[in-house]
Amino acid sequence: MDQEKKRAILLHEIEHWRRSRLLPEQYCDFLSNLYREDENPSQSQSHSSTGLFTYLRTGHGIAWLLGFVIISCICLIGFYFTAFPLAMQIFSACAVTGICYGVAAVWRSSEKSMSAMLSILGSVIMLGSGVWIIQLHQGEPKFWVVVLVGLCGLVWCLVGLTLRITLLHYCGFIALLLVYAVLIGRYWPAASHVMLEGFWILHVALLVWLSWWVHRRFSRLASVCFAIGMTLVFMPEADMIVLRHQSSGDVVLYGLLKLAVVVGILFWTRKKWITWVTS
């Protein structure tokens with residue numbers, strides 16, 4: 001009790017120094033965090049000991065049993081996958097993906113790294129099993145692969161937003177925008193470089209504005225929108241080279257010029273956009 005009283009008195013003095021400006025504010029923050037970190041060491045120790053690797057090290061039966069069930073299901077489904085009918089294949093792929101996402105949601109608060117790995121594993125299984133099903137049943141790739149990528153992008157966006165996994169959320173947005181790029185290529189096969197700039201620059205402006213608009217309430221969404229907006233700046237050049245198979249000489253030179261302009265704009269406006277991306 002004496003140590004707690006002393007700590008409370010010190011924290012009160014630090015707040016007094018902060019308000020009276022007797023010490024710099026950063027130094028007061030450092031002292032406050034230093035004393036607050038040592039306030040409940042037992043709670044921080046118990047929180048850090050609830051991860052998956054602690055369960056494995058101490059021989060916890062639930063973690064071992066759950067790992068055995070997940071690995072066994074993946075191996076059995078993968079071994080007999082080609083013998084299943086189409087409905088069973090789709091159900092099996094959705095079930096394994098759902099298990100990975102479900103366990104990732106349960107472990108999100110206790111073991112963030114393992115939760116992210118399971119989310120990525122579920123996403124890879126979803127995409128890979130979908131492509132495998134299309135190949136087994138000889139589906140039309142130009143149609144079904146686009147549908148698959150669109151569904152995966154929608155699921156990845158929802159899971160990444162729910163579990164607060166920025167990388168997965170970003171990949172979901174990119175998948176949806178790839179579908180948009182393919183549709184542009186099909187409906188406007190003879191589109192010029194200027195037309196492609198018009199198609200994509202509107203999305204860049206919309207995403208950057210959305211990043212600024214949501215940064216106070218949804219900081220993670222703001223960073224994702226800004227990253228996607230910066231990625232789409234160079235989508236016209238990627239569309240010309242990858243999807244339309246144009247010569248890369250002039251396109252690459254134009255892309256380098258655009259990169260210099262974008263870096264210059266980001267440099268001169270860094271005090272504004274860094275604030276809402278990192279807030």
Side-chain angles (χ1 to χ4, degrees), residues 123 126-127 130-131 134 139-161 165-215 217-270 272-277:
S123 304
M126 183 181 181
L127 181 61
V131 174
I134 293 173
E140 181 63 29
K142 292 183 179 180
F143 175 76
W144 288 111
V145 171
V146 174
V147 173
L148 174 64
V149 173
L151 290 175
C152 289
L154 183 61
V155 173
W156 295 346
C157 284
L158 294 175
V159 174
L161 183 62
I165 301 176
T166 305
L167 179 61
L168 188 59
H169 197 184
Y170 175 84
C171 292
F173 262 115
I174 293 298
L176 293 176
L177 292 169
L178 285 176
V179 175
Y180 174 73
V182 172
L183 293 178
I184 290 177
R186 290 184 182 179
Y187 289 102
W188 290 278
S192 63
H193 198 170
V194 177
M195 289 181 63
L196 292 177
E197 290 286 352
F199 283 134
W200 291 104
I201 198 66
L202 295 176
H203 294 82
V204 174
L206 177 62
L207 286 168
V208 172
W209 174 81
L210 185 63
S211 174
W212 168 81
W213 189 59
V214 302
H215 78 278
R217 295 185 178 180
F218 308 101
S219 58
R220 292 180 182 270
L221 182 59
S223 60
V224 172
C225 290
F226 189 83
I228 296 170
M230 293 300 99
T231 303
L232 295 187
V233 172
F234 306 97
M235 194 62 195
E237 289 73 31
D239 194 344
M240 294 289 292
I241 297 174
V242 178
L243 298 179
R244 300 174 190 274
H245 306 287
Q246 299 290 331
S247 59
S248 59
D250 296 336
V251 177
V252 172
L253 182 61
Y254 182 77
L256 291 176
L257 180 61
K258 184 189 290 186
L259 177 62
V261 174
V262 171
V263 170
I265 293 174
L266 291 177
F267 174 76
W268 290 109
T269 60
R270 64 189 184 276
K272 294 182 179 180
W273 63 267
I274 289 179
T275 301
W276 78 65
V277 169

L266 side chain near M230 side chain, heavy-atom distance below 4.5 Å: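 Yes. Closest side-chain heavy atoms under 4.5 Å.
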
Can you check whether I228 reaches L177 side chain to side chain, under 4.5 Å on heavy atoms?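 A side-chain contact exists here, since the closest heavy-atom pair is under 4.5 Å.
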
Atom pair [atom1]/[atom2] of [X] and [Y] - distance to nearest 0.5 Å:
X    : Y    : atom1 : atom2 : value
L232 : L206 : CG    : CG    : 10.0 Å
T231 : F226 : OG1   : CZ    : 10.5 Å
L148 : L127 : CG    : CG    : 5.5 Å
M235 : I184 : CE    : CD1   : 8.0 Å
I241 : F234 : CD1   : CZ    : 12.0 Å

Exercise: identify the closest heavy-atom pair between [X] and [Y]:
X    : Y    : answer
L168 : S123 : CD1-OG, 3.2 Å
M126 : L151 : CE-O, 4.0 Å
P236 : L196 : CG-O, 3.9 Å
K258 : V233 : NZ-O, 2.9 Å
C157 : L176 : SG-CD1, 4.1 Å

List in chain and number order the residues that pass ring-ring contact (aromatic ring centres under 6.0 Å, His included) with [X], two or more places apart in sequence or in another chain; answer none if no residue qualifies.
X    : value
Y180 : W200, H203
F199 : W188
W144 : none

Residues two or more places apart in sequence or in another chain: which of them pass side chain to side chain donor-acceptor pair (under 3.5 Å) with T166?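 By the side chain to side chain donor-acceptor pair (under 3.5 Å) rule, T166 matches no residue at all.
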
Contacts of W212 meeting side chain to side chain contact (heavy atoms under 4.5 Å, CB included) (sequence neighbours excluded), chain-then-number -> W209, H215, W276

Can you list the residues that meet the side chain to side chain contact (heavy atoms under 4.5 Å, CB included) rule with A175, with sequence neighbours excluded?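 Scan of A175 (side chain to side chain contact (heavy atoms under 4.5 Å, CB included), adjacent residues dropped) gives V149, W156.
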
Backbone of L207 reached by a side-chain donor or acceptor of S211 within 3.5 Å: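 No; zero donor-acceptor contacts below 3.5 Å.
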
Verify the distance criterion only: is there a donor paired with an acceptor across the side chains of Y170 and S223 at less than 3.5 Å? no

Walk me through it: do E197 and E237 pass the test side chain to side chain contact (heavy atoms under 4.5 Å, CB included)? CA-CA 9 Å; E197 290 286 352; E237 289 73 31; 3.1 Å; yes

Is there a side chain to side chain contact (heavy atoms under 4.5 Å, CB included) between L167 and C171 once you walk through the steps? CA-CA 6 Å; L167 179 61; C171 292; 4.2 Å; yes

